[in-house]
K.L.:
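Starting off with a structure, shown below.
Residues take their numbers from the sequence shown, with the count starting at 1. Basis for what follows: all heavy atoms, side chains included, without hydrogens, waters or symmetry-related copies.
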Amino acid sequence: MKSDVLIIGSGAAGLTAALNLADRFRVTVLAKGGLAEGSTAWAQGGIAAVLEPGDTFESHIEDTMIAGAGLNDRRTVEFVVEGAPRAIERLIELGVPFNQEGPENAKALHLTREGGHSHRRIVHVNDATGWAVQEALLHAAEKHPNITLVPDKVVIDLATSRHEERYSGAGNVWGVYAVDRASGRVELYTANATILATGGAGRTYQFSTAPRGATGDGIAMAWRAGCRISNMEFMQFHPTCLYNLEVKNFLITEAVRGEGGQLKNPKTGRRFMPDYDARAELAPRDIVARAIDAEIKRDGLDYVHLDISHMGADFVSHHFPTIHEKLLGLGIDMTKEPIPVVPAQHYTCGGIVIDLDGRTDLPHLYAAGECTQSGLHGANRLASNSLLECFVFGEAAARHINAHWDELPPPPAIRPWDESRVTDSDEEVVIKQNWTEIRRFMWNYVGIVRTTKRLERAAHRIKMMTDEVGDYYGHFRVTPDLIELRNLLQTADLIVRSALHRHESRGLHFTLDYPETLPQAVDTILLP
């Protein structure tokens, strides 16, 4: 199938780009599962923007730089922060019903505050902002005659100059090969420009708040095609994921702590965050996650308690209706009792290197959102800057494609997918076994607190599994599970390599062997 622009991913970044391109071009959006199954729909928190009297761009920039432990690219931070109020305006035009406050004739946006922010600057839709944003973007995309939305297509790899019928080493990206979930057939999608908006790599870890599809696909594909990958050691762990053996990845939003929730040790009943940081529960996520990790390890706990019951039942149920209802269904009444929580992988701060136009190292290939390393987050993402990055860079990529369309020729003839030397797999157990093993050793060896020895153990496991998975991939027909396994393993390798390369502790990367922070902040950049 041929279109003008091909977008991989139907979340905030992908749909923002699509809507900004569709008035002029034919756009195809491929989703790996359902159109609303990506990370955007799961985002409970909100979107950070300078909207409060007395708040300034400078203050938002400084908060972002402090959270990112000085590793952020200041130019990128300025670009994103200054683009935030306009992004909010456009979402309101699309019909996102952000919470408001004040008298009927003078309503203003209700702003909340989250860890690391010096002002109230988070616009939100109760505690389900991502879902409201996803719905509005999807509704607008479905109505647009130039946008074709295609669910259930699992992308295998980028189609590049290597796949041209007349082979060329130019490194251009002409689209993708994708497998259809229902038929198992591999299809070729080509375009003048391709945008990766595939989300993060959270499912590399045993505990993650990310949806099941967050297997680092875009990052792995871009790496195999020849893009630089940067800062993969910076994996953000959300401090408060619900601890429940049935429900594996329900997130208890940062805003619960922002509105007065306290972390307590279930063994002693003591509130412990003031022991670790003067900002207590409002300290940045990495500090809170490490504090919880320390309490759990020291006292042999399964979880800690997050308690907001002292704020009163009406306040709690009004501020957190979605969470309150979900927990009631699991037998926990957060208006009367504490919530059991554990840290879980939450956000991938590294990824494909892009510039301010969303351009990657390869001609005709752009990227936006969590699969990228734009320079915004540095060594740790500031709360509620992630959806913002999707809107600003989704639009930036679209703007560059619009302005440089004449330099983006149509794709040449590309070879179809070759299945002549493979058979159907007779041992799916290989995939399940490796999938489980990766996620377990990544959690134990490459988690919140690291050591060189643990990282080397992980690297050794990855090397053995890479041979096994490579052999399997070479002999059997591709399936969605095999594609994801291959990408998970590739991503795990990039994370471990990056972590071994950094001989200091900075932001989210904390290693017992190098506890000091070096005077100069330098990005980790892996060259393919």
K.L.:
For H503 and D513, which I'm curious about, is there any donor-acceptor pair between the side chains at under 3.5 Å?
P.N.:
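No donor-acceptor contact under 3.5 Å links the two side chains.
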K.L.:
Answer yes or no: is there an ion pair linking D481 with K432, defined by an N-O contact shorter than 4.0 Å?
P.N.:
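Salt bridge flag = no for K432 with D481.
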K.L.:
Only pairs at least two apart or in different chains count here, so list each side chain to side chain donor-acceptor pair (under 3.5 Å) that has a residue in residues 436-449.
P.N.:
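Non-adjacent pairs meeting side chain to side chain donor-acceptor pair (under 3.5 Å): Q433-E437.
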K.L.:
Applying ring pair (Phe, Tyr, Trp, His ring centres under 6.0 Å), run through Y347 and H377 and close with a yes or a no.
P.N.:
CA-CA 11 Å; Y347 193 83; H377 306 304; 5.2 Å; yes
K.L.:
Tell me the closest heavy-atom pair linking C371 and G199, and the distance in Å.
P.N.:
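Here C371 and G199 meet closest at CB-O, 3.3 Å.
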K.L.:
Sequence neighbours left out, what pairs pass salt bridge (charged side-chain N to carboxylate O under 4.0 Å, His left out) with at least one residue falling in residues 217-227?
P.N.:
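For residues 217-227: K32-D217, D157-R224.
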K.L.:
Among residues at least two apart in sequence or on other chains, which ones pass side chain to side chain contact (heavy atoms under 4.5 Å, CB included) with S317?
P.N.:
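So S317 forms a side chain to side chain contact (heavy atoms under 4.5 Å, CB included) with H324.
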K.L.:
Could you tell me which residues satisfy ring-ring contact (aromatic ring centres under 6.0 Å, His included) with Y366, sequence neighbours excluded, listed by chain and number?
P.N.:
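For Y366, the residues satisfying ring-ring contact (aromatic ring centres under 6.0 Å, His included) (neighbours in sequence not counted) are H400.
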K.L.:
Quick check: closest heavy atoms across P343 and F207, and the distance to 0.1 Å?
P.N.:
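Answer, listing the atom of P343 first, then F207: O-CB, 4.3 Å.
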K.L.:
If you define the side chain from C-beta out and look only at heavy atoms, does anything of N244 sit under 4.5 Å from F250?
P.N.:
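In short, these two side chains do not touch, never coming nearer than 4.5 Å.
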K.L.:
In chain order, what residues pass the salt bridge (charged side-chain N to carboxylate O under 4.0 Å, His left out) check against R113, with sequence neighbours excluded?
P.N.:
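Residues passing salt bridge (charged side-chain N to carboxylate O under 4.0 Å, His left out) with R113: none at all.
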K.L.:
Looking at D333 and K336, is any side-chain nitrogen of the basic one under 4.0 Å from a carboxylate oxygen of the acidic one?
P.N.:
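A salt bridge is present here (some side-chain N lies under 4.0 Å from a carboxylate O).
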K.L.:
For a quick check under 3.5 Å, do E114 and S384 share a side-chain donor-acceptor pair by atom type?
P.N.:
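Yes, S384 and E114 have a side-chain donor paired with an acceptor closer than 3.5 Å.
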K.L.:
State which residues pass side chain to side chain contact (heavy atoms under 4.5 Å, CB included) with Q262; sequence neighbours excluded, sorted by chain then number.
P.N.:
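With neighbours one apart ignored, the set is K264, R271, E281, H310.
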K.L.:
Compare every heavy atom of A280 with every heavy atom of M273, then report the nearest pair and how far apart it is.
P.N.:
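The answer is CE-O, 3.5 Å.
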K.L.:
Looking at Y514 and T452, what are the two nearest heavy atoms and their distance?
P.N.:
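Between these two residues, the closest heavy atoms are CE1-OG1, 3.9 Å.
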K.L.:
Yes or no on side chain to side chain contact (heavy atoms under 4.5 Å, CB included) for L376 and V392, after CA distance, side-chain angles and deciding distance?
P.N.:
CA-CA 11 Å; L376 173 63; V392 173; over 6 Å; no
K.L.:
So, are D63 and R121 salt-bridged, with charged N and O less than 4.0 Å apart?
P.N.:
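The answer is yes: the pair qualifies as a salt bridge.
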